[in-house]
Amino acid sequence: MVRRSVVALVVAVCASLGAPGQSQSLQPTLIPQDSGTTNGLIAVSPVNPQVVWASGRGGTFVVTTDGGSTWRAGVVPGAEALQFRDVEGVSAKVAYLQSIGDAPTDFRIYKTIDGGATWTLQFQNQNPAAFYDCFAFWTPKRGISHSDAVNGAFPDLRTTDGTTWQDISGSMPPALAGEASFAASGTCVATQGGQNAWIATGGSTIARILATRDGGDTWNAYDTPLVSSPSAGAFTVAFRNPWNGIVGGGDLDPANAGAAATATSADGGVTWTLTNPPPVTGAIFGLAYAQGAGGGTGDGSRTVVVTANTGGAAWSPNEGTTWFPLPGVTGYWAVAFASPKAGWLVGTDGRILKISF
C-alpha cells in the first residue's frame, strides 16, 4: 500500500465557535491520522476508544488497535473491484464488511474472525434489482442489512447467528414507488438496545423512516420532512436512546446543494421536526451522536451531533438548534464515536480525522 504522509498538525476548533454558555469541554479537537491507504474510505465503526474499523473503495479495510496512532490497511481477496460501503466492528479480531459494485453479485457480506487476515463470504446477492446500502447490528451475531425496494418490497436480510442471512422482506412495510436508501456512509440503518432499529429512505415523493421495536419481526413506516426525489431523501439516522434521534439528508443534485437538512424525533421516530439547517453544502452523508454507543456520559455531550459530507462538516452542541462548521473539513463521508473523546471522520484519499470533545 502507498502510505500517505502524516500531517503533523493538530487542529483545535477555537472556543469562539462555541455556543454561549457551552462548556469548554465541548469544543472539538481534530487530529489527522495516517490510514495506511489512499483509497477512499466510506464507513467507520469504532468498537471502543482503541479498536476502530473503517472501509471503502478498492476492497479496502483499515483497522487500528491503539486509538489511531497506527492503522493497518488491507484488501479483501476477490473484492479488489468492490466498494465496502459499510463496516461493523465487533472486536480487534471480528468484523463484517458489506460491498456494492456493478453487478448484482457484487453486493456481498464478508466476515473476519482473525483481525482481517482472512475473510469469509457470508452472503452474495442474486437478485438482479437489489441494491444493499447498509447494515447494522444489535449484538455481535444479530444484525440486519437493508436494500433499495424491488417491485414494491424491501428485500432486507437478518442474521441471528452471525453466519447466515435470511430474507425478511415479508416483514417490511410496502415500499413507495422508487423508494431507496443511500449507500453514503453505512448509516442509513441504526440499531439501539437489543430490539430497536430505524432505516432512512428517500428516492420517492416522501423521505421516510422504517422502524422496528422487536428486532425486525415487524416494522412501521413514518414520514419525515426532509426533501425527497430520485436524487434526494434521508441518508443517515442515529438514535441516542429508544426515543430521541436525528435524521439527516439532502439532494445529490448539484442544482439543489442547499437542501442539506436534519430533523429530530422525541417519540422513537414516529414524528419528526426540522432543526435549523447545518452550514454545509450538498447532502449530509453521515451523522453521529458524540455520546458513543454506551449512552449517557454525564459530561454534557449527549446531544452533541457531528455531520459529515463531501461539501463540509458541522457540529451542534444541542441536537441541531445551533450549528457550527468544522473549518476546512471537507471530503469526509462518515463519522462515528466510541466516546466523546474518541470519534473518527473518514473520507476521500484515505483521510482520517480523530475528533474529540
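Small disclaimer: the values here were computed from a predicted structure and weren't measured.
In this structure, Val51 and Pro46 have side chains that are not in contact, with every pair of non-hydrogen atoms separated by 4.5 Å or more. For the pair Phe324/Pro317, a side-chain contact is recorded, criterion being any heavy-atom separation below 4.5 Å from C-beta on. Counting heavy atoms from C-beta outward, Gln126 and Pro104 have side chains that stay 4.5 Å or more apart. Contact check for Arg108 versus Asn125: no side-chain heavy atoms found under the 4.5 Å cut-off. Residues Val335 and Leu353 form no side-chain contact, since every pair of their non-hydrogen atoms from C-beta on lies 4.5 Å or further apart.
Val63 and Val90 fall into different hydrophobic clusters, where Ile, Leu, Val, Met, Phe, Trp and Tyr residues are linked whenever their side-chain heavy atoms come under 4.5 Å apart, directly or through other members. In the hydrophobic cluster analysis, where Ile, Leu, Val, Met, Phe, Trp and Tyr join through side-chain heavy atoms closer than 4.5 angstrom, Tyr96 is grouped apart from Val189. Note on Val329: it clusters hydrophobically with Val304, by side-chain heavy-atom contacts below 4.5 Å among ILVMFWY residues. Linking ILVMFWY side-chain heavy atoms closer than 4.5 Å, directly or via other members, places Leu157 and Ile100 in a single hydrophobic cluster. Both Leu41 and Trp71 belong to a single network of hydrophobic side chains, linked directly or stepwise wherever heavy atoms of I, L, V, M, F, W or Y lie under 4.5 Å apart.
A donor-acceptor pair shorter than 3.5 Å can be found between the side chains of Thr187 and Ser185. When only modelled atom types and interatomic distance are considered, Ser145 and Gln98 share a side-chain donor-acceptor pair under 3.5 Å. Ser35 and Gln33 form no side-chain donor-acceptor contact under 3.5 Å, judged by distance and modelled atom types alone.
In this structure, Thr275 contributes its side chain and Thr262 its backbone to a donor-acceptor pair below 3.5 Å. Side-chain atoms of Lys354 do not come within 3.5 Å of backbone N or O of Ala342 as any donor-acceptor pair. Within the 3.5 Å criterion, the main-chain N or O of Val305 finds no donor-acceptor partner in the side chain of Ser316. Panel note: side chain Ser204, backbone Ala177; a donor-acceptor pair is recorded below 3.5 Å. With Thr201 contributing its side chain and Ala234 its backbone, the two residues share no donor-acceptor pair below 3.5 Å. Put simply, the side chain of Arg158 gets close to the backbone of Gly215: a donor and an acceptor are under 3.5 Å apart. Tyr132 places no side-chain N or O within 3.5 Å of a backbone atom of Ala183 that could act as its donor or acceptor partner. In this structure, the side chain of Arg142 engages the main chain of Gly194 through a donor-acceptor pair within 3.5 Å. Although no hydrogens or angles enter the test, the distance criterion places a donor-acceptor pair under 3.5 Å between the side chain of Ser265 and the main chain of Thr271. Although no hydrogens or angles enter the test, the distance criterion places a donor-acceptor pair under 3.5 Å between the side chain of Thr191 and the main chain of Phe137.
Under the ring pair (Phe, Tyr, Trp, His ring centres under 6.0 Å) criterion, the residue pairs touching residues 185-223 are Trp198-Phe239, with sequence neighbours excluded. The side-chain hydrogen bond (donor to acceptor under 3.5 Å, both in side chains) contacts involving residues 40-58 comprise Arg57-Gln83, where partners must be two or more places apart or lie in separate chains.
Atom CG of Asp133 sits about 5.5 Å away from atom NE2 of His146, to the nearest 0.5 Å. Of the inter-residue distances, the one linking Leu82 atom CG with Glu80 atom CD reads 8.0 Å to the nearest 0.5 angstrom. Remark: Cys188 SG to Leu210 CG distance equals 10.0 Å, nearest 0.5 Å. Atoms OG and CZ, on Ser147 and Phe135 in that order, are 14.0 Å from each other to the nearest 0.5 Å. Here the CD1-CG distance, from Ile42 to Asp86, works out to 10.0 Å after rounding to the nearest 0.5 Å. Atom CG of Leu30 is separated from atom CD1 of Ile352 by 13.5 Å, given to the nearest 0.5 angstrom.
Heavy atoms only, all atoms of each residue included: Ser228 and Gly203 are closest at OG-N, 3.5 Å. Across every non-hydrogen atom of Ser339 and Pro49, the tightest pair is OG-CG, 4.2 Å. Pairing each heavy atom of Pro155 with each of Ser169, the nearest pair is CA-CB, 3.8 Å. Of all heavy-atom pairs between Ala261 and Ile284, the closest is O-CD1, 3.7 Å. Across every non-hydrogen atom of Val280 and Ala260, the tightest pair is CG2-CB, 3.9 Å. In terms of heavy-atom proximity, Ala197 sits nearest to Ile144 at CB-CD1, 3.9 Å.
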Check residues 244-252 and write down every donor-acceptor pair under 3.5 Å in which the side-chain atom is one partner and the other belongs to a residue at least two apart or another chain.
unit_1, atom_1, unit_2, atom_2, d
Asn244, OD1, Asn241, ND2, 3.1
Asp251, OD1, Ser231, OG, 2.5
Asp251, OD1, Asp253, N, 2.9
Asp251, OD2, Asn256, ND2, 3.0

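The local environment of CG in Asp102 is sparse, with at most 12 non-hydrogen atoms from other residues, nucleotides or ligands closer than 6.0 Å. By the 6.0 Å contact criterion, CG on Asp114 is enclosed, its count of non-hydrogen atoms from other residues, nucleotides or ligands being greater than 12. With a 6.0 Å radius and a threshold of 12 heavy atoms from other residues, nucleotides or ligands, Ile113 has its CD1 atom at or below the threshold.
Listed by chain and residue number, Thr105, Asp106 satisfy the side chain to side chain contact (heavy atoms under 4.5 Å, CB included) test with Ala103 (two or more places apart in sequence, or in another chain). Remark: Gln122 engages Trp165 in a side-chain hydrogen bond (donor to acceptor under 3.5 Å, both in side chains) (not counting sequence neighbours).
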Trp344 vs Phe337, ring-ring contact (aromatic ring centres under 6.0 Å, His included): CA-CA, chis, key distance, verdict
CA-CA 6 Å; Trp344 284 267; Phe337 286 83; 8.4 Å; no
Begin from the C-alpha positions of Thr212 and Asp217 and carry the test side chain to side chain contact (heavy atoms under 4.5 Å, CB included) through to its verdict.
CA-CA 7 Å; Thr212 181; Asp217 289 340; 5.8 Å; no
Please step through side chain to side chain contact (heavy atoms under 4.5 Å, CB included) for the pair Thr120 and Tyr110, ending with a clear verdict.
CA-CA 5 Å; Thr120 299; Tyr110 291 88; over 6 Å; no
Residue pair Trp333, Arg85: steps toward the side chain to side chain contact (heavy atoms under 4.5 Å, CB included) verdict
CA-CA 10 Å; Trp333 285 58; Arg85 292 294 181 101; 4.0 Å; yes
Could you walk me through whether Ile209 and Val237 pass the side chain to side chain contact (heavy atoms under 4.5 Å, CB included) test, one step at a time?
CA-CA 9 Å; Ile209 291 292; Val237 61; 4.1 Å; yes
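The aromatic rings of Phe235 and Phe285 lie parallel to each other, with less than 30° between the two planes, well short of the 60° mark.
The pair Arg72-Asp66 does not meet the salt-bridge criterion, since no charged nitrogen lies less than 4.0 angstrom from a carboxylate oxygen.
Shown are Trp315, Tyr332, Trp323; of these, the side chain to side chain contact (heavy atoms under 4.5 Å, CB included) with Thr307 is made only by Trp323. Across Phe131, Phe123, Phe84, a single residue satisfies ring pair (Phe, Tyr, Trp, His ring centres under 6.0 Å) together with Phe107, and that is Phe131.
If you chain together ILVMFWY residues whose side-chain heavy atoms come under 4.5 Å of each other, Leu176 ends up grouped with Ile206.
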